[in-house]
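What you see below is based on every heavy atom in this structure, not just the backbone, and it leaves out hydrogens, waters and symmetry mates. Each chain gets a letter, A, B and so on, in the order the sequences are listed, and its residues count up from 1.
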There are 2 protein chains.
Amino acid sequence: MDDSRPADGPRRIKSVQTASEILAAIQRRPDPTFSDVCDELDASKGTVHTYLATLEEEGFVAKVDGRYRLGLRLVTMGETVRNETPLYRAGQLEVDKLADETSEYVHLTVVSRGKEVTIYESRGDNAVATDYHLRMREAPQYLHCTATGKAMLGHFDDDRVRDIIDDQGLVEQTDNTISDTDRLFDELERIRERGYAVNDEEELRGMRSIGAPIRGVDGDVCGAVSVTAPTSRLSGDRFRSEIPELVMQAANIIEVNLETTTFDPSR
Amino acid sequence: MDDSRPADGPRRIKSVQTASEILAAIQRRPDPTFSDVCDELDASKGTVHTYLATLEEEGFVAKVDGRYRLGLRLVTMGETVRNETPLYRAGQLEVDKLADETSEYVHLTVVSRGKEVTIYESRGDNAVATDYHLRMREAPQYLHCTATGKAMLGHFDDDRVRDIIDDQGLVEQTDNTISDTDRLFDELERIRERGYAVNDEEELRGMRSIGAPIRGVDGDVCGAVSVTAPTSRLSGDRFRSEIPELVMQAANIIEVNLETTTFDPSR
DNA sequence: AATCGTGTTTGTCTTTCTCAAACATTACGC
DNA sequence: GCGTAATGTTTGAGAAAGACAAACACGATT
């Protein structure tokens with residue numbers, strides 16, 4: 001009856017959770033004013049004020065003429081994360097090369113907490129949907145409707161896939177999105193067989209992608225690479241063999257780089 | 001006598017400061033274990049543990065086989081910061097173009113809290129010192145010894161420059177670094193006159209750069225762009241006119257983009 | 001088998017958050 | 001130009017949460 005007790009679980013720092021919510025609120029809103037931020041949180045004005053002052057002092061938030069933004073410290077820290085991801089160092093050049101060869105968008109992604117994050121992107125000369133891709137990188141994306149995501153899911157154990165589906169659901173981003181668990185498992189089977197994944201307007205209408213998984217030194221999938229293009233430019237042979245071939249080659253080369261590159265623990 | 005009182009100033013959330021310190025500690029150390037993190041903080045093990053668990057849950061920290069890293073949420077948030085910096089959207093293509101034309105490293109930077117942060121970097125085909133530039137982007141850099149930094153300082157008022165010098169000092173990164181206030185002011189005068197700044201091995205031995213300021217719609221400097229190359233490739237006419245010309249052109253075009261592009265507040 | 005190192009959990013005291021309300025400051029209407 | 005509203009900032013004091021230390025678990029190492 002009395003549910004207002006300590007409610008024991010593992011302990012957390014509530015203030016850190018609150019700060020995290022505030023950052024999320026600022027990220028969500030375009031250019032929030034102080035009261036905009038207050039509206040999104042349920043905490044008193046005074047409290048929010050103290051948090052914002054602290055976050056600003058620490059560089060996580062910046063105030064530009066009366067409005068709040070995320071601070072540049074997030075840029076430098078994000079850079080550190082990328083640089084310390086072996087996949088980034090192993091794959092960057094290859095991704096650039098692939099973008100050059102195809103003239104389209106190329107993405108290098110990793111999985112984190114049931115979604116995927118783009119660790120590096122290269123824009124070929126003809127790449128389209130710049131704005132979409134810009135925004136897309138601001139948040140982790142679903143795995144079930146992208147070529148990279150499906151390529152990676154295809155090489156996880158079924159249990160892990162099931163957990164992800166349970167957590168994230170199979171949100172229909174377009175009419176083509178696979179939103180049925182059984183159909184998704186069939187699709188993953190096919191992906192394993194042929195070695196690459198196809199996203200046929202499942203994420204965004206009018207856009208197709210081809211993605212291939214990248215296995216790390218331990219043999220587990222540690223990321224994926226993909227080429228994305230408008231359907232009109234990604235059809236026929238190019239869709240069925242040329243681009244898949246190039247993507248798988250790139251994935252393969254990145255795997256080799258991963259195995260042969262030493263990532264110095266030196267300062 | 002009793003100095004251990006509240007010591008009033010503006011209020012801050014201590015837990016957020018602590019969390020920030022923990023993130024800084026993880027960023028500093030290569031791949032810290034739990035006790036590595038404890039060593040860098042003065043807080044009890046139990047406390048640090050609760051913080052790390054919270055930060056991990058929020059995605060700011062990730063635990064990879066027993067060692068801590070900064071989490072991928074920092075990547076997505078950093079991406080948001082870049083995308084919401086008008087200079088990035090206005091300058092990205094131009095920076096790529098300049099890297100193509102020169103085949104060297106090109107940087108687009110902004111000032112924040114007395115230092116500069118690289119908001120975008122493009123690597124030309126011959127660009128050298130990749131590792132240095134990778135690491136450099138992980139932390140804000142001094143303004144007094146880079147071409148971009150000096151280009152921007154040249155267009156701040158003297159008071160602002162003096163404040164920055166007081167805060168940051170004129171650290172000697174190489175033998176060529178300008179570490180004397182008067183000499184720096186003379187240099188800034190020259191920079192204003194000719195419209196671009198030169199970094200002649202002042203940041204890193206063997207490397208020169210040419211940087212030009214970028215003025216925003218309000219007329220104030222909002223960033224800078226630079227080309228960086230080994231001294232052997234950046235001398236003679238190329239150093240004295242060709243590259244400066246290209247850099248100033250790029251800066252100019254970015255300024256025009258800034259004025260003409262509308263940054264939609266739409267979702 | 002015992003000790004040491006590393007990481008996790010818990011009881012308790014203390015600090016610090018948080019709220020609400022009062023206080024500034026700027027914008028707005030008339 | 002004055003009053004009113006809206007927005008942001010500071011403060012006092014109760015309530016909640018953080019911090020420490022010590023105990024606990026688990027492996028590795030001798």
Side-chain angles (χ1 to χ4, degrees), chain A residues 2-26 28-58 60-71 265, chain B residues 2-26 28-71 218 265:
Chain A
D2 185 343
D3 202 51
S4 63
R5 317 283 19 270
D8 257 29
R11 293 187 187 176
R12 296 290 119 106
I13 305 292
K14 204 187 155 207
S15 306
V16 171
Q17 296 176 325
T18 305
S20 169
E21 273 180 48
I22 290 180
L23 292 175
I26 296 176
R28 220 170 11 244
R29 289 252 187 164
D31 248 331
T33 133
F34 172 74
S35 15
D36 289 341
V37 177
C38 289
D39 290 350
E40 308 243 344
L41 286 248
D42 44 70
S44 73
K45 290 194 298 177
T47 301
V48 173
H49 187 266
T50 310
Y51 274 92
L52 284 169
T54 311
L55 288 167
E56 187 181 0
E57 198 164 270
E58 297 295 328
F60 291 111
V61 154
K63 190 156 44 169
V64 180
D65 41 57
R67 287 170 175 275
Y68 287 95
R69 316 203 149 157
L70 297 181
Chain B
D2 186 341
D3 202 49
S4 65
R5 318 288 11 275
D8 258 27
R11 291 187 190 174
R12 297 289 119 107
I13 305 291
K14 201 184 156 208
S15 306
V16 171
Q17 296 176 326
T18 305
S20 169
E21 273 179 49
I22 290 180
L23 292 175
I26 296 176
R28 222 174 4 249
R29 287 252 187 165
D31 248 332
T33 133
F34 172 75
S35 16
D36 289 341
V37 178
C38 289
D39 291 349
E40 308 242 344
L41 287 246
D42 44 71
S44 74
K45 289 195 298 176
T47 302
V48 174
H49 187 266
T50 310
Y51 274 91
L52 284 169
T54 311
L55 288 167
E56 187 181 359
E57 200 163 87
E58 297 294 328
F60 292 110
V61 154
K63 190 156 44 168
V64 181
D65 41 57
R67 289 170 173 273
Y68 288 95
R69 316 203 150 159
L70 298 181
D218 53 3

Exercise for review: Using modelled atom types only, decide if a donor and an acceptor are shared between the side chain of A:Asp36 and the backbone of A:Thr33 within a distance under 3.5 Å.
Suggested key: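 Yes, because the side chain of A:Asp36 sits within donor-acceptor range (under 3.5 Å) of the backbone of A:Thr33.
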
Check your understanding: Is a side-chain N or O of A:Thr54 found less than 3.5 angstrom from the main chain of B:Ile13, in a donor-acceptor match?
Key ->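 At least one qualifying donor-acceptor pair exists.
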
Beyond-backbone contact of [X] with [Y], side-chain heavy atoms, under 4.5 angstrom:
X       : Y       : answer
B:Phe34 : B:Lys45 : yes
B:Val64 : B:Asp31 : no
B:Leu41 : B:Thr18 : yes

To the nearest Å, how far apart are [X] [atom1] and [N] [atom2]?
X       : N      : atom1 : atom2 : answer
A:Arg12 : C:dT8  : CZ    : C1'   : 11 Å
B:Ile13 : D:dA16 : CD1   : C1'   : 13 Å
A:Leu41 : C:dC17 : CG    : P     : 16 Å
A:Arg67 : D:dG8  : CZ    : C1'   : 14 Å
A:Gln17 : D:dA17 : CD    : P     : 10 Å
A:Asp65 : C:dA27 : CG    : P     : 12 Å
B:Leu52 : C:dT9  : CG    : C1'   : 15 Å

Scan [X] against the nucleic acid and name what it touches under 4.0 Å (heavy atoms): base, sugar-phosphate only, or nothing.
X       : value
B:Ala53 : nothing
B:Thr33 : sugar-phosphate
B:Ser44 : base
A:Ser15 : sugar-phosphate

Would you say [X] reaches [N]'s phosphate, i.e. side-chain N/O to OP1/OP2 under 4.0 Å?
X       : N      : value
A:Thr47 : C:dC17 : no
B:His49 : C:dT8  : yes
B:Lys63 : C:dT8  : yes
B:Tyr51 : D:dA19 : yes
B:Lys14 : C:dT16 : yes

Review point. Hey, is the side chain of B:Arg11 pairing donor to acceptor with the base of D:dG12 inside 3.5 Å?
Key: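 Yes.
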
Practice item. Ignoring the backbone of B:Lys45, work out which of D:dA19, D:dT10, C:dG7 is nearest its side chain. Key: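 Closest nucleotide to the B:Lys45 side chain: C:dG7.
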
Point to revise | Closest to the B:Ser35 side chain, choosing from D:dT9, D:dA19, C:dT6 | key: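 Taking heavy atoms from C-beta onward, the closest nucleotide is C:dT6.
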
Exercise for review: Report the residue (A:Gly46 or B:Thr18) whose heavy-atom-nearest nucleotide on DNA chain D is the more 5′ of the two.
Suggested key: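 Result of the comparison: A:Gly46.
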
Check your understanding: Mapping A:Val16 and A:Phe34 to their closest nucleotides on DNA chain D, which lands nearer the 5' end?
Key ->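 Nearer the 5' end of the strand: A:Phe34.
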
Point to revise | Crowding at CG, A:Asp42 (>12 non-hydrogen neighbours, <6.0 Å) | key: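 Counting neighbours around CG of A:Asp42, 12 or fewer heavy atoms of other residues, nucleotides or ligands fall under 6.0 Å, so no.
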
